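If you're wondering where the values come from, they're calculated on a predicted model, not measured in any experiment. The residues of the chain are indexed from 1 along the displayed sequence. Every number for a ligand or one of its atoms is a count from 1 in the order of the listing.
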Amino acid sequence: MKLWGDEGFVGSQANGQERILEDIIGAKSPVGVAHSGLIFSVCSMGHGTSRLYSALAKTLNSSTASQHPEYLVSPDPEHLEPIDPKELLEECRAVLHTRPPRFQRDFVDLRTDHPSSHPPIRVMQWNILAQALGEGKDNFVQCPVEALKWEERKCLILEEILAYQPDILCLQEVDHYFDTFQPLLSRLGYQGTFFPKPWSPCLDVEHNNGPDGCALFFLQNRFKLVNSANIRLTAMTLKTNQVAIAQTLECKESSRQFCIAVTHLKARTGWERFRSAQGCDLLQNLQNITQGAKIPLIICGDFNAEPTEEVYKHFASSSLNLNSAYKLLSADGQSEPPYTTWKIRTSGECRHTLDYIWYSKHALSVRSALDLLTEEQIGPNRLPSFNYPSDHLSLVCDFSFNEEPDGLL
Ligand SMILES: NC(=O)C1=CN([C@@H]2O[C@H](COP(=O)(O)OP(=O)(O)OC[C@H]3O[C@@H](n4cnc5c(N)ncnc54)[C@H](OP(=O)(O)O)[C@@H]3O)[C@@H](O)[C@H]2O)C=CC1
Ligand SMILES: [Mg+2]
């Protein structure tokens with residue numbers, strides 16, 4: 001593996017049958033890769049691609065990163081060798097051998113009487129916790145700093161993604177897109193898009209790895225990208241610091257199209273009306289995308305809002321006919337889970353339901369959903385922890401199209 005630093009080429013390691021993590025993301029490298037993000041494999045990806053990665057990482061590492069649109073450019077995936085997911089999973093497990101066993105989560109069968117002849121679409125929603133925020137701003141007072149080390153935490157995140165193998169992955173608080181998730185997930189067959197926050201709070205943290213933002217990945221062998229929009233959300237006509245990505249995808253098996261969106265709304269109490277306005281703006285944007293095309297919709301997000309908030313009510317009562325998938329895990333199908341995030345800050349225990357997967361309730365069915373962790377599994381120090389990498393739980397659902405004529409939206 002060749003190493004690139006600020007001065008360009010700085011060294012090399014044995015090549016050939018190198019391990020994937022070591023090769024791409026420097027898992028075993030003694031150099032401070034996590035924060036600098038400057039080390040990439042040249043051998044496996046071709047010179048042009050790796051030089052591009054290095055340049056992008058440097059751009060991201062600078063405090064003026066958000067002013068350089070060139071870092072939105074992704075390398076050509078055709079130049080990347082595929083990775084066997086099992087091999088990567090094994091490598092993650094090897095890096096994590098000193099960590100306690102991870103939690104067992106099961107899928108709950110939610111099938112109704114809607115049959116489907118096509119394989120389901122598995123969607124994962126996850127606020128993965130930005131590395132810079134976790135280490136620098138979030139004040140998780142019960143979480144040991146060693147549990148937050150990026151070299152291991154990234155393996156816990158990857159392990160979770162590899163365990164459930166979503167067809168579509170919607171992430172928030174991504175501040176390691178170009179050096180970690182984009183190169184690795186593209187070699188697993190995903191096509192990715194990243195939209196950073198205009199003024200990411202990560203940039204205030206010393207040794208940050210660039211801005212955090214939303215990322216959307218889909219499996220290229222299952223979907224064709226029809227349309228993509230990066231949306232900077234407005235609130236009462238003012239541009240805000242929050243973003244969304246909305247993409248129209250076409251299923252290769254069924255030729256059916258749908259829109260998938262990811263967002264992360266403004267956090268903190270006192271900002272309820274602001275979130276509500278951002279939600280209205282997002283709904284308006286999604287209505288423009290889906291109503292003309294008459295296609296169903298899936299929206300994944302950290303809404304930073306409990307179900308009692310106005311923004312939640314806007315989504316639940318929208319003319320887009322949306323339902324929140326995780327309600328289906330409750331006995332009556334009407335209640336959200338008791339929490340999707342659970343952490344201890346200096347202010348005390350924060351247990352909230354903030355993350356949702358909304359879907360067009362007439363056109364799509366939820367076939368199954370991954371259950372959440374119990375209080376016992378989460379443990380007394382809450383999240384993040386040595387066996388779970390984020391303060392937010394991942395949500396995973398299997399969707400299918402209802403096999404009925406049009407007019408279901
Ligand atoms: N670099 C610059 O020049 C500028 C930087 N900024 C920064 O951006 C921030 C505002 O950005 P904005 O997008 O509105 O941020 P938000 O208020 O939406 O929060 C940003 C992040 O902070 C996390 N968070 C939520 N509650 C707390 C808490 N109590 N303590 C610590 N972290 C928390 C959120 O995580 P979650 O969603 O998981 O709850 C979220 O990812 C400012 O605080 C400032 O630091 C602002 C302007 C300019
Ligand atoms: Mg957060």
Going by the rule ring pair (Phe, Tyr, Trp, His ring centres under 6.0 Å), which residues pair with Y312 if we only count those two or more places apart in sequence or in a different chain?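 Y312: ring pair (Phe, Tyr, Trp, His ring centres under 6.0 Å) contacts with Y356, W358.
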Partners meeting ring pair (Phe, Tyr, Trp, His ring centres under 6.0 Å) with F140 (sequence neighbours left out):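 Residues passing ring pair (Phe, Tyr, Trp, His ring centres under 6.0 Å) with F140: none at all.
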Have a look around the Mg ion (ligand 2) and list protein N/O/S atoms under 2.8 Å, or say none.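 For the Mg ion (ligand 2), the protein N, O and S atoms that sit under 2.8 Å away are E173 OE2.
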Distance-only polar pair, side chains of Q172 and Q125, donor-acceptor under 3.5 Å: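 Yes - a donor-acceptor pair under 3.5 Å links their side chains.
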Does a salt bridge link R111 with D109, judged by any charged N lying under 4.0 Å from a carboxylate O?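 Looking at D109 together with R111, the answer is yes, because their closest N to O distance falls below 4.0 Å.
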Could you tell me whether R382 sits above the aromatic face of Y339, with NZ or CZ closer than 6.0 angstrom to the six-membered ring centre and within 45 degrees of the axis?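 Ring-cation test returns no.
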Side chain to side chain contact (heavy atoms under 4.5 Å, CB included) partner of V366, chosen from P120, C397, S400, S324: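 Filter result, single survivor: C397.
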Tell me which one of T237, T234, T240 satisfies side chain to side chain donor-acceptor pair (under 3.5 Å) with D281.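 Testing each of T237, T234, T240 against D281, the sole residue satisfying side chain to side chain donor-acceptor pair (under 3.5 Å) is T234.
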Might you point out which heavy atoms bring L297 and L364 nearest each other, and give the distance in Å?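 Shortest heavy-atom contact: O-CD1, 3.8 Å.
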Under 3.5 Å, N/O to N/O: give me all the pairs between ligand 1 and the protein, one per line with atom names and distance.
{"residue": "ligand 1", "atom": "1 (N)", "partner": "D204", "partner atom": "OD1", "Å": "3.1"}
{"residue": "ligand 1", "atom": "11 (O)", "partner": "N241", "partner atom": "ND2", "Å": "3.2"}
{"residue": "ligand 1", "atom": "13 (O)", "partner": "K197", "partner atom": "NZ", "Å": "2.7"}
{"residue": "ligand 1", "atom": "13 (O)", "partner": "N241", "partner atom": "ND2", "Å": "2.8"}
{"residue": "ligand 1", "atom": "13 (O)", "partner": "Q242", "partner atom": "NE2", "Å": "2.8"}
{"residue": "ligand 1", "atom": "14 (O)", "partner": "K266", "partner atom": "NZ", "Å": "2.7"}
{"residue": "ligand 1", "atom": "17 (O)", "partner": "K266", "partner atom": "NZ", "Å": "2.6"}
{"residue": "ligand 1", "atom": "17 (O)", "partner": "R268", "partner atom": "NE", "Å": "2.9"}
{"residue": "ligand 1", "atom": "18 (O)", "partner": "Q242", "partner atom": "NE2", "Å": "3.4"}
{"residue": "ligand 1", "atom": "18 (O)", "partner": "A267", "partner atom": "N", "Å": "2.9"}
{"residue": "ligand 1", "atom": "22 (O)", "partner": "R268", "partner atom": "NH2", "Å": "3.3"}
{"residue": "ligand 1", "atom": "32 (N)", "partner": "D138", "partner atom": "OD1", "Å": "3.3"}
{"residue": "ligand 1", "atom": "35 (O)", "partner": "E173", "partner atom": "OE2", "Å": "3.0"}
{"residue": "ligand 1", "atom": "37 (O)", "partner": "H264", "partner atom": "NE2", "Å": "2.7"}
{"residue": "ligand 1", "atom": "37 (O)", "partner": "D302", "partner atom": "OD2", "Å": "3.0"}
{"residue": "ligand 1", "atom": "37 (O)", "partner": "N304", "partner atom": "OD1", "Å": "3.3"}
{"residue": "ligand 1", "atom": "37 (O)", "partner": "N304", "partner atom": "ND2", "Å": "2.9"}
{"residue": "ligand 1", "atom": "38 (O)", "partner": "N127", "partner atom": "ND2", "Å": "3.3"}
{"residue": "ligand 1", "atom": "38 (O)", "partner": "E173", "partner atom": "OE2", "Å": "3.0"}
{"residue": "ligand 1", "atom": "38 (O)", "partner": "H392", "partner atom": "NE2", "Å": "2.8"}
{"residue": "ligand 1", "atom": "39 (O)", "partner": "N304", "partner atom": "OD1", "Å": "3.2"}
{"residue": "ligand 1", "atom": "41 (O)", "partner": "E173", "partner atom": "OE2", "Å": "2.8"}
{"residue": "ligand 1", "atom": "45 (O)", "partner": "K137", "partner atom": "NZ", "Å": "2.6"}
{"residue": "ligand 1", "atom": "45 (O)", "partner": "D204", "partner atom": "OD2", "Å": "2.6"}

Pairwise side-chain contact, R153 with L129, heavy-atom cut-off 4.5 Å (strictly under):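 Sidechains of L129 and R153: in contact.
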